[in-house]
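Below you'll find the structure, written out as C-alpha coordinates, and then a few comments.
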Amino acid sequence: MTGATWGLVASTFAASFVEFVEALTIVLAMGVTRGWRSALTGTVAALVALTAFTAAAGYALSSWLPESLLQLVVGTLLLIFGLQWLRKAVLRSSGLKAMHDEEEEFASQTAAARQAARRSRFGVDTFAFVVAFKGVFLEGVEVVFVVITFGLSAGNMPAAVGGAASAGVLVLLAGLILHRPLAAIPENALKYGVGLLLASFGAYWAVEGLGVFTESGESLEWPGGDWAILALLACWLLISRVLIGFLPRLKPEVAR
Amino acid sequence: MRFLKGFGRFWYDFIVGDDWKIAAAVVAALALTLGVVLAGLPATGAALAGGVLLLLFFVVSVVIDVRR
(Lines give C-alpha, C1' and ligand atoms only; values in the text may rest on other atoms or scores of the structure.)
Protein backbone atom coordinates (compact mmCIF):
# COMPACT_ATOMS: atom_id res chain seq x y z
CA MET A 1 0.00 0.00 0.00
CA THR A 2 1.18 3.52 -0.77
CA GLY A 3 1.41 6.33 1.77
CA ALA A 4 -1.72 7.93 0.32
CA THR A 5 -3.67 4.70 0.77
CA TRP A 6 -2.49 4.39 4.36
CA GLY A 7 -3.55 8.00 4.92
CA LEU A 8 -6.98 7.22 3.48
CA VAL A 9 -7.37 4.12 5.65
CA ALA A 10 -6.24 6.06 8.74
CA SER A 11 -8.68 8.91 8.02
CA THR A 12 -11.74 6.70 7.54
CA PHE A 13 -10.63 4.55 10.49
CA ALA A 14 -10.41 7.55 12.85
CA ALA A 15 -13.67 9.14 11.67
CA SER A 16 -15.59 5.86 11.83
CA PHE A 17 -14.03 4.88 15.17
CA VAL A 18 -15.50 7.93 16.90
CA GLU A 19 -18.96 7.26 15.43
CA PHE A 20 -18.85 3.57 16.39
CA VAL A 21 -17.79 4.41 19.98
CA GLU A 22 -20.82 6.71 20.30
CA ALA A 23 -23.16 4.05 18.89
CA LEU A 24 -21.68 1.44 21.24
CA THR A 25 -22.31 3.65 24.28
CA ILE A 26 -25.99 3.97 23.35
CA VAL A 27 -26.46 0.25 22.68
CA LEU A 28 -24.65 -0.67 25.93
CA ALA A 29 -26.82 1.72 27.93
CA MET A 30 -30.00 0.18 26.48
CA GLY A 31 -28.72 -3.38 26.90
CA VAL A 32 -27.73 -2.94 30.53
CA THR A 33 -30.91 -1.14 31.63
CA ARG A 34 -33.69 -2.42 29.35
CA GLY A 35 -32.44 -5.81 28.21
CA TRP A 36 -30.05 -7.08 25.57
CA ARG A 37 -32.71 -8.64 23.36
CA SER A 38 -34.39 -5.29 22.60
CA ALA A 39 -31.11 -3.37 22.30
CA LEU A 40 -29.63 -5.91 19.90
CA THR A 41 -32.86 -6.18 17.87
CA GLY A 42 -32.74 -2.39 17.44
CA THR A 43 -29.07 -2.61 16.44
CA VAL A 44 -29.67 -5.36 13.87
CA ALA A 45 -32.70 -3.52 12.44
CA ALA A 46 -30.56 -0.35 12.13
CA LEU A 47 -27.80 -2.30 10.35
CA VAL A 48 -30.34 -3.74 7.88
CA ALA A 49 -31.82 -0.25 7.28
CA LEU A 50 -28.30 1.13 6.92
CA THR A 51 -27.40 -1.48 4.30
CA ALA A 52 -30.55 -0.64 2.33
CA PHE A 53 -29.85 3.10 2.68
CA THR A 54 -26.24 2.66 1.53
CA ALA A 55 -27.27 0.55 -1.48
CA ALA A 56 -30.02 3.02 -2.47
CA ALA A 57 -27.89 6.12 -1.85
CA GLY A 58 -24.88 4.57 -3.61
CA TYR A 59 -27.00 3.63 -6.64
CA ALA A 60 -28.73 7.02 -6.78
CA LEU A 61 -25.48 8.93 -6.30
CA SER A 62 -23.53 6.96 -8.92
CA SER A 63 -26.26 6.71 -11.57
CA TRP A 64 -28.41 9.85 -11.31
CA LEU A 65 -26.23 12.67 -10.07
CA PRO A 66 -23.63 14.39 -12.22
CA GLU A 67 -20.19 14.42 -10.54
CA SER A 68 -20.32 18.09 -9.64
CA LEU A 69 -23.75 17.79 -7.98
CA LEU A 70 -22.52 14.76 -6.02
CA GLN A 71 -19.53 16.83 -4.84
CA LEU A 72 -21.84 19.67 -3.80
CA VAL A 73 -24.29 17.46 -1.86
CA VAL A 74 -21.76 15.21 -0.11
CA GLY A 75 -19.27 18.07 0.38
CA THR A 76 -21.90 20.28 2.02
CA LEU A 77 -22.98 17.49 4.39
CA LEU A 78 -19.36 16.73 5.32
CA LEU A 79 -18.67 20.40 5.83
CA ILE A 80 -21.60 20.72 8.24
CA PHE A 81 -20.59 17.56 10.17
CA GLY A 82 -16.93 18.59 10.25
CA LEU A 83 -17.61 22.15 11.40
CA GLN A 84 -20.02 20.93 14.11
CA TRP A 85 -17.19 18.75 15.46
CA LEU A 86 -14.65 21.54 15.07
CA ARG A 87 -16.95 23.97 16.91
CA LYS A 88 -17.30 21.55 19.82
CA ALA A 89 -13.55 20.85 19.86
CA VAL A 90 -12.77 24.59 19.88
CA LEU A 91 -15.27 25.29 22.68
CA ARG A 92 -13.94 22.36 24.75
CA SER A 93 -10.28 23.25 24.22
CA SER A 94 -10.95 26.87 25.20
CA GLY A 95 -12.74 25.77 28.39
CA LEU A 96 -16.14 27.07 27.30
CA LYS A 97 -17.74 23.63 27.13
CA ALA A 98 -17.30 20.54 29.29
CA MET A 99 -15.17 17.77 27.79
CA HIS A 100 -17.18 14.94 26.26
CA ASP A 101 -17.12 11.94 28.51
CA GLU A 102 -18.45 8.55 27.41
CA GLU A 103 -18.95 7.53 31.08
CA GLU A 104 -21.16 10.60 31.59
CA GLU A 105 -23.03 9.96 28.34
CA PHE A 106 -23.56 6.36 29.44
CA ALA A 107 -24.86 7.52 32.84
CA SER A 108 -27.33 9.97 31.29
CA GLN A 109 -28.55 7.37 28.77
CA THR A 110 -29.05 4.73 31.46
CA ALA A 111 -30.85 7.23 33.75
CA ALA A 112 -33.25 8.13 30.92
CA ALA A 113 -33.76 4.45 30.12
CA ARG A 114 -34.63 3.61 33.74
CA GLN A 115 -37.26 6.36 33.87
CA ALA A 116 -38.94 5.56 30.56
CA ALA A 117 -42.20 3.61 30.69
CA ARG A 118 -42.02 -0.04 29.62
CA ARG A 119 -44.09 -0.83 26.53
CA SER A 120 -43.56 -4.03 24.59
CA ARG A 121 -44.41 -5.12 21.07
CA PHE A 122 -43.67 -8.66 19.86
CA GLY A 123 -41.72 -9.22 23.07
CA VAL A 124 -39.38 -6.31 22.32
CA ASP A 125 -39.15 -3.27 24.58
CA THR A 126 -40.10 -0.34 22.31
CA PHE A 127 -37.96 2.28 24.08
CA ALA A 128 -34.72 0.27 23.91
CA PHE A 129 -35.43 -0.76 20.32
CA VAL A 130 -36.04 2.81 19.12
CA VAL A 131 -33.09 4.36 20.99
CA ALA A 132 -30.65 1.64 19.82
CA PHE A 133 -32.00 1.83 16.26
CA LYS A 134 -31.77 5.62 16.09
CA GLY A 135 -28.27 5.71 17.62
CA VAL A 136 -26.79 3.07 15.34
CA PHE A 137 -28.52 4.37 12.20
CA LEU A 138 -27.61 8.01 12.83
CA GLU A 139 -23.93 7.29 13.52
CA GLY A 140 -23.88 4.73 10.69
CA VAL A 141 -25.15 7.19 8.08
CA GLU A 142 -22.35 9.57 9.03
CA VAL A 143 -19.85 6.73 8.50
CA VAL A 144 -21.40 6.04 5.08
CA PHE A 145 -20.95 9.67 4.01
CA VAL A 146 -17.38 9.75 5.30
CA VAL A 147 -16.51 6.54 3.42
CA ILE A 148 -18.16 7.77 0.20
CA THR A 149 -16.32 11.11 0.28
CA PHE A 150 -12.89 9.85 1.23
CA GLY A 151 -13.17 6.81 -1.04
CA LEU A 152 -14.29 8.77 -4.09
CA SER A 153 -11.87 11.67 -3.62
CA ALA A 154 -8.92 9.29 -3.29
CA GLY A 155 -10.27 6.99 -6.02
CA ASN A 156 -9.96 3.99 -3.71
CA MET A 157 -13.28 2.89 -2.28
CA PRO A 158 -12.07 -0.53 -0.98
CA ALA A 159 -9.41 1.16 1.19
CA ALA A 160 -11.98 3.60 2.60
CA VAL A 161 -14.43 0.77 3.34
CA GLY A 162 -11.57 -1.26 4.87
CA GLY A 163 -10.65 1.58 7.25
CA ALA A 164 -14.23 1.99 8.42
CA ALA A 165 -14.85 -1.76 8.71
CA SER A 166 -11.72 -2.34 10.80
CA ALA A 167 -12.80 0.47 13.15
CA GLY A 168 -16.23 -1.16 13.47
CA VAL A 169 -14.75 -4.59 14.24
CA LEU A 170 -12.33 -3.14 16.79
CA VAL A 171 -15.04 -1.20 18.65
CA LEU A 172 -17.37 -4.22 18.57
CA LEU A 173 -14.67 -6.50 20.00
CA ALA A 174 -13.79 -3.97 22.70
CA GLY A 175 -17.48 -3.67 23.59
CA LEU A 176 -17.88 -7.45 23.78
CA ILE A 177 -14.82 -7.84 26.00
CA LEU A 178 -15.27 -4.82 28.28
CA HIS A 179 -19.07 -4.57 28.44
CA ARG A 180 -18.75 -0.89 29.34
CA PRO A 181 -18.26 2.39 27.46
CA LEU A 182 -14.84 3.04 25.94
CA ALA A 183 -14.03 5.99 28.19
CA ALA A 184 -10.25 5.70 27.83
CA ILE A 185 -10.40 6.67 24.14
CA PRO A 186 -9.11 10.26 23.61
CA GLU A 187 -12.39 11.08 21.92
CA ASN A 188 -12.06 14.86 22.05
CA ALA A 189 -8.66 14.81 20.36
CA LEU A 190 -9.93 12.33 17.75
CA LYS A 191 -12.98 14.50 17.08
CA TYR A 192 -10.80 17.58 16.68
CA GLY A 193 -8.59 15.82 14.14
CA VAL A 194 -11.49 14.28 12.26
CA GLY A 195 -13.39 17.61 12.33
CA LEU A 196 -10.40 19.26 10.63
CA LEU A 197 -10.26 16.52 7.98
CA LEU A 198 -14.00 16.59 7.28
CA ALA A 199 -14.06 20.39 7.10
CA SER A 200 -11.13 20.39 4.65
CA PHE A 201 -12.49 17.68 2.33
CA GLY A 202 -16.01 19.09 2.67
CA ALA A 203 -14.94 22.65 1.75
CA TYR A 204 -12.89 21.35 -1.19
CA TRP A 205 -15.75 19.29 -2.58
CA ALA A 206 -18.65 21.63 -1.86
CA VAL A 207 -16.91 24.58 -3.58
CA GLU A 208 -15.87 22.39 -6.55
CA GLY A 209 -19.47 21.18 -6.81
CA LEU A 210 -20.81 24.72 -7.26
CA GLY A 211 -19.68 24.29 -10.87
CA VAL A 212 -22.93 22.39 -11.44
CA PHE A 213 -24.67 25.78 -11.68
CA THR A 214 -22.38 27.06 -14.45
CA GLU A 215 -23.15 26.67 -18.16
CA SER A 216 -20.66 23.82 -18.61
CA GLY A 217 -21.81 22.05 -15.44
CA GLU A 218 -18.18 21.08 -14.79
CA SER A 219 -16.66 21.14 -11.30
CA LEU A 220 -14.72 24.28 -10.33
CA GLU A 221 -10.93 23.95 -10.13
CA TRP A 222 -9.04 24.85 -6.96
CA PRO A 223 -5.65 26.49 -7.52
CA GLY A 224 -3.05 23.75 -7.02
CA GLY A 225 -5.58 20.94 -7.56
CA ASP A 226 -5.63 18.35 -4.75
CA TRP A 227 -2.91 20.26 -2.86
CA ALA A 228 -5.60 22.77 -1.96
CA ILE A 229 -6.95 20.18 0.52
CA LEU A 230 -3.70 20.48 2.51
CA ALA A 231 -3.89 24.27 2.36
CA LEU A 232 -7.51 24.12 3.61
CA LEU A 233 -6.43 21.78 6.42
CA ALA A 234 -3.74 24.24 7.47
CA CYS A 235 -6.23 27.13 7.38
CA TRP A 236 -8.84 25.29 9.50
CA LEU A 237 -6.12 24.29 11.99
CA LEU A 238 -4.83 27.86 12.20
CA ILE A 239 -8.27 29.41 12.59
CA SER A 240 -9.25 26.87 15.26
CA ARG A 241 -6.06 27.58 17.27
CA VAL A 242 -6.71 31.32 17.02
CA LEU A 243 -10.31 30.81 18.20
CA ILE A 244 -9.16 28.62 21.12
CA GLY A 245 -6.91 31.45 22.29
CA PHE A 246 -9.35 34.27 21.56
CA LEU A 247 -12.80 32.97 22.59
CA PRO A 248 -12.20 32.85 26.38
CA ARG A 249 -11.58 36.62 26.25
CA LEU A 250 -15.13 37.10 24.97
CA LYS A 251 -16.51 35.24 27.99
CA PRO A 252 -13.88 35.47 30.73
CA GLU A 253 -16.21 34.53 33.58
CA VAL A 254 -16.82 31.07 32.05
CA ALA A 255 -13.22 30.37 31.21
CA ARG A 256 -11.92 30.97 34.70
CA MET B 1 -48.44 12.17 11.03
CA ARG B 2 -46.36 11.16 14.05
CA PHE B 3 -44.15 9.09 11.78
CA LEU B 4 -43.65 12.02 9.40
CA LYS B 5 -42.82 14.32 12.31
CA GLY B 6 -40.33 11.80 13.68
CA PHE B 7 -38.84 11.29 10.22
CA GLY B 8 -38.40 15.03 9.74
CA ARG B 9 -36.93 15.40 13.23
CA PHE B 10 -34.45 12.61 12.53
CA TRP B 11 -33.10 14.27 9.37
CA TYR B 12 -33.03 17.69 11.04
CA ASP B 13 -30.96 16.23 13.92
CA PHE B 14 -28.76 14.44 11.43
CA ILE B 15 -28.04 17.32 9.07
CA VAL B 16 -28.35 20.44 11.21
CA GLY B 17 -27.23 18.95 14.54
CA ASP B 18 -27.27 20.89 17.77
CA ASP B 19 -26.18 24.26 16.42
CA TRP B 20 -28.20 25.51 13.46
CA LYS B 21 -25.82 28.45 13.01
CA ILE B 22 -23.14 26.15 11.57
CA ALA B 23 -25.49 24.84 8.86
CA ALA B 24 -26.67 28.40 8.18
CA ALA B 25 -23.05 29.60 7.92
CA VAL B 26 -22.18 26.86 5.42
CA VAL B 27 -25.25 27.52 3.26
CA ALA B 28 -24.73 31.30 3.35
CA ALA B 29 -21.02 31.02 2.45
CA LEU B 30 -21.75 28.64 -0.43
CA ALA B 31 -24.61 30.85 -1.67
CA LEU B 32 -22.31 33.88 -1.73
CA THR B 33 -19.64 31.83 -3.50
CA LEU B 34 -22.22 30.81 -6.09
CA GLY B 35 -22.97 34.50 -6.58
CA VAL B 36 -19.27 35.09 -7.22
CA VAL B 37 -19.17 32.17 -9.69
CA LEU B 38 -22.22 33.41 -11.59
CA ALA B 39 -20.81 36.95 -11.62
CA GLY B 40 -18.12 35.59 -13.93
CA LEU B 41 -15.02 35.45 -11.68
CA PRO B 42 -12.51 32.82 -12.95
CA ALA B 43 -13.07 29.37 -11.38
CA THR B 44 -9.86 29.38 -9.34
CA GLY B 45 -10.60 32.84 -7.94
CA ALA B 46 -14.14 31.77 -7.07
CA ALA B 47 -12.82 28.64 -5.31
CA LEU B 48 -10.44 30.77 -3.25
CA ALA B 49 -13.28 33.17 -2.39
CA GLY B 50 -15.37 30.15 -1.31
CA GLY B 51 -12.63 28.94 1.04
CA VAL B 52 -12.23 32.38 2.62
CA LEU B 53 -15.99 32.84 3.01
CA LEU B 54 -16.37 29.44 4.69
CA LEU B 55 -13.60 30.27 7.19
CA LEU B 56 -15.08 33.69 7.86
CA PHE B 57 -18.66 32.50 8.33
CA PHE B 58 -17.50 29.70 10.66
CA VAL B 59 -15.65 32.21 12.85
CA VAL B 60 -18.69 34.50 12.94
CA SER B 61 -21.05 31.66 13.91
CA VAL B 62 -18.77 30.49 16.75
CA VAL B 63 -18.27 34.04 18.04
CA ILE B 64 -22.06 34.64 18.03
CA ASP B 65 -22.47 31.34 19.89
CA VAL B 66 -20.00 32.36 22.62
CA ARG B 67 -21.23 35.93 23.03
CA ARG B 68 -24.85 34.87 23.55
Side-chain angles (χ1 to χ4, degrees), chain A residues 72 75-88 90-91 94 96-97 130 134 137-139 141-142 145 199-200 202-204 206-216 218-225 228 231-232 235-236 238-240 242-243 246-251 254-255, chain B:
Chain A
L72 180 62
T76 304
L77 285 174
L78 272 201
L79 198 46
I80 295 173
F81 299 155
L83 292 184
Q84 291 276 14
W85 284 17
L86 205 53
R87 167 188 162 269
K88 279 183 193 160
V90 164
L91 294 179
S94 54
L96 296 171
K97 188 176 170 72
V130 170
K134 200 178 161 189
F137 189 73
L138 201 69
E139 307 299 344
V141 173
E142 288 192 34
F145 279 114
S200 306
Y204 182 81
V207 169
E208 271 201 337
L210 287 175
V212 74
F213 295 108
T214 60
E215 270 180 40
S216 68
E218 299 274 314
S219 305
L220 299 183
E221 283 283 326
W222 280 86
L232 281 167
C235 288
W236 286 120
L238 179 70
I239 212 84
S240 63
V242 170
L243 282 171
F246 172 72
L247 288 178
R249 289 188 217 165
L250 289 179
K251 220 173 190 178
V254 182
Chain B
M1 193 62 198
R2 242 180 85 189
F3 171 78
L4 276 180
K5 244 175 132 176
F7 189 74
R9 184 82 225 168
F10 174 85
W11 287 106
Y12 181 87
D13 285 347
F14 177 66
I15 295 169
V16 176
D18 42 28
D19 184 17
W20 61 268
K21 292 186 290 305
I22 294 289
V26 167
V27 172
L30 289 177
L32 274 178
T33 310
L34 178 61
V36 170
V37 172
L38 296 179
L41 202 75
T44 49
L48 275 180
V52 172
L53 284 168
L54 283 167
L55 287 163
L56 190 68
F57 276 59
F58 172 68
V59 171
V60 171
S61 72
V62 176
V63 168
I64 290 173
D65 199 21
V66 171
R67 286 185 71 109
R68 258 189 320 136

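Within every chain, numbering begins at 1; the chains are lettered A, B, ... in the order of the sequence lines, protein sequences first and strands thereafter.
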Which atoms of A:Leu138 approach chain B - backbone, side chain, both or neither, heavy atom under 4.5 Å: both
Ring centers of B:Tyr12, B:Trp20 separated by less than 6.0 Å: no
Smallest separation among heavy atoms of A:Pro248 and A:Leu96, with atom names: N-CD1, 4.4 Å
Pairs of heavy atoms under 4.5 Å with chain A: top-ranked of B:Leu48, B:Leu53, B:Val27: B:Leu48
Leading residue by heavy atom contact count with chain B [cutoff under 4.5 Å; candidates A:Val141, A:Leu91, A:Val90, A:Leu232]: A:Val141
Name every donor-acceptor pair, under 3.5 Å, that has one atom in a side chain of residues 78-87 of chain A and the other anywhere in the protein, sequence neighbours excluded.
unit_1	atom_1	unit_2	atom_2	d
A:Gln84	NE2	B:Val16	O	2.4
A:Gln84	NE2	B:Asp19	O	3.2
A:Arg87	NE	B:Asp19	OD2	2.9
A:Arg87	NE	B:Asp65	OD2	2.9
A:Arg87	NH2	B:Asp65	OD2	3.0

Contacting region of B:Leu38 [heavy-atom separation from chain A under 4.5 Å]: side chain
Toward chain B, the part of A:Val242 with a non-hydrogen atom under 4.5 Å: neither
A:Lys134: side-chain hydrogen bond (donor to acceptor under 3.5 Å, both in side chains) partners, not counting sequence neighbours: none
A:Glu221 versus B:Ala47, closest heavy-atom pair with distance: O-CB, 3.9 Å
Contacting region of A:Glu215 [heavy-atom separation from chain B under 4.5 Å]: neither
B:Val59 side chain near B:Val63 side chain, heavy-atom distance below 4.5 Å: yes
When A:Trp236, A:Phe246, A:Phe213 are compared by non-hydrogen pairs under 4.5 Å with chain B, the top option: A:Trp236
Structural part of B:Val26 lying under 4.5 Å from a heavy atom of chain A: side chain
Most chain A-contacting option - heavy-atom pairs closer than 4.5 Å, from B:Val37, B:Ile15, B:Leu55: B:Leu55
Aromatic ring pairing A:Trp222/A:Tyr204, orientation class (parallel under 30°, perpendicular over 60°, tilted between): parallel
